[in-house]
Every structure is written in structure tokens, then in C-alpha cells.
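For the numbers below, each heavy atom of this structure counts, side chains included, while hydrogens, waters and symmetry mates do not. Below, read A as the first sequence line, B as the second, and so on, with proteins coming before strands; counting in each chain starts at 1.
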Amino acid sequence: MVKIATWNVNSVRARLPNVLGWLKETAPDVVLLQEIKCQVETFPRLEIEDLGYNCAVVGQKSYNGVAILSRSPLEDITERLPGGEGDDHARYVEAVTAFGDLVVRVASIYLPNGNPVGTEKYEYKLRWLDRLHDHAERLLALEEAVVLGGDYNVIPSDDDVYDPEAWIGDALFKPESRAAFRRVVNLGYTEAFRTLHPNEPHRYTFWDYTAGCWQKDFGLRIDHLLLSPQATDRLKACDIDKKERGREKASDHVPIWCELAG
DNA sequence: ATGACATATGAGATATGA
């Protein structure tokens, strides 16, 4: 079984003890990290390599930043989502990695938040989703096992938020954001968590630091794993590591993972 | 709309997040 996880760590350096502890405890084969919030030179490569991982890092000072960790070599690395003239944000990294007869192309995605609506930030989010759609369509044509994982900053449905009314008008919940997300899924991808857990509303991957959201279980499900048909054929499990949110110095997001036969 | 909390930068207050 090959375990592939995604986690928005909200600074990999501030979160290093949590990340290393979680890697040792849950032993994922591939990890997609978002919001590492550092440049390539300051990524804690040695500490992570010591645990047996290869790293592909796309860094940026202070903001954004994504990485892929894998127990197998990473090949054919792509460091930007195609189609972004002048888009210099570190929000996308893609690579191919293999475990036995499973060759899987993975991408670590940090989609723009998009707030406030009505500004260029929201337009940027919608454009980014369009670019992701076009790239995801090209990837399908390769007929490979593909896992597009990350912080999509999209709440897919009313079941994925503690109070839908309170989020009307937010960039994460706007009909346009949700439709653009569905448009990617509807190309032929499988959203792993909801597919394997169709009757489990209110299972979240993010709880705000403020206003006691964690204590009240006021969360959002915004971190997702999208699988191509060839990956879906092998999908055996998918779940959320909720307990990470209760630790000291936790990220506001928790890991979500899937297991593929192979 | 603002602030609550957390993080980075850089050395005080501001930008960003969702």
C-alpha cells in the first residue's frame, strides 16, 4: 500500500517538530506540503532527508511555498502551474515517483485564498482554478495515476462547513469558486475523501486559530485529494489526521491522506 | 467591517491568512 498525504503546515520551520513527529508516527510514502513559508535555501532538507525522504521544494520568502516529499526518487519535476503570465507565487509543484508497479504523478497545490471578493485577489483565484482545470485536463490525457493534492481553499458543499450561512459571500464558498472546483473534478477526477465517506458531513481539515473555533469544532473541509481514474482504480482508504490539530503549536490545517494499492 | 490568533520580517508595525 502506498500512502500519499497532503498538509498545509503554515510554516515548515515553525512546525518542524510537529512535521517530523507526524512523519515518524504515520510513515507516509509521499507528502505534499503547502505554506512552507520559506525559500529553498532555508527549507529543513537535512532533517527531512534523515527520515528517508527525497524533497522537491518550490520556495518563496515569507509567503506560500510548496514541497513534495517521497521515499522514492522524484522525477520530471514541474515548478509552476502552466499558463500564468507573471504569476511568481510558489503555489504548485508536480513530480513523478514510483513504488513497485505503481508510477504516480503527484502535485502539491496551494490555491489562492481569494478574499476579499470583488478585488484582484478573487479574480486571481478564479483564473488559477481555470489554469488548474486546463492542466488537469492535459494530465488526464497521459492516462497515468495522478494525485492532485493540497489546500484548494474551496468548501465544496454545505456539509463541509460548520455554518453555511456564515460563509455566504466568502471566496472559499462563493458559487463561482465551488463551480470552478467542480469543473476540475468533473473532468474525471475522484475527490477521495467524499467518495469514500459519502455520509460523513462535518469532517474538517481546517479550524481557525481565533475565536475558539477548534474547541467548538467550527471547521472547514478545504484540503482535498483529486485522483485520476488510474489512481482511483487503486484507492483503498482516505482519512483525516484530526488529532494533529490538538497538538502544541499546531498548524490550523491537519493532514489528509489516501492509500493506493501497489 | 473588524478583530480574534498565528506567522514572517526585522526590530515596530504591517502584510497575510480563511
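The ring-ring contact (aromatic ring centres under 6.0 Å, His included) check on A:Phe218 picks up A:Tyr162, with sequence neighbours excluded. Looking at residues two or more places apart in sequence or on another chain, you find no ring-ring contact (aromatic ring centres under 6.0 Å, His included) involving A:His133.
Taking atom P in both B:dA18 and B:dT7, the straight-line distance is 14 Å, to the nearest Å. A distance of about 15 Å separates the P atoms of B:dT14 and B:dA4, rounded to the whole Å. Nucleotides B:dG3 and B:dA13 are separated by 16 Å at their P atoms, to the nearest Å. A distance of about 15 Å separates the P atoms of B:dT16 and B:dG10, rounded to the whole Å.
Residue pairs satisfying the salt bridge (charged side-chain N to carboxylate O under 4.0 Å, His left out) criterion with at least one member in residues 11-23 of chain A, sequence neighbours excluded, are absent. Sorted by first and then second residue, the salt bridge (charged side-chain N to carboxylate O under 4.0 Å, His left out) pairs involving residues 196-208 of chain A (not counting sequence neighbours) are A:Glu200-A:Arg203, A:Arg203-A:Asp239.
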Which atom pairs, one a donor and one an acceptor, fall under 3.5 Å between side chains of residues 39-48 of chain A and the rest of the protein, sequence neighbours left out?
unit_1	atom_1	unit_2	atom_2	d
A:Thr42	OG1	A:Gln39	N	3.4
A:Thr42	OG1	A:Gln39	O	3.2
A:Arg45	NH1	A:Cys55	O	3.4

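Here the options are A:Asp233, A:Leu148, A:Leu260, A:Val104, the test is side chain to side chain contact (heavy atoms under 4.5 Å, CB included), and the partner is A:Leu227; only A:Leu260 passes.
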**OP:** Indicate for each nucleotide in nucleotides 7-18 of chain B, in 5' to 3' sequence, whether protein heavy atoms under 4.0 Å reach the base (B), only the sugar-phosphate (S), or nothing (-).
**Re:** SSS-----BSSB
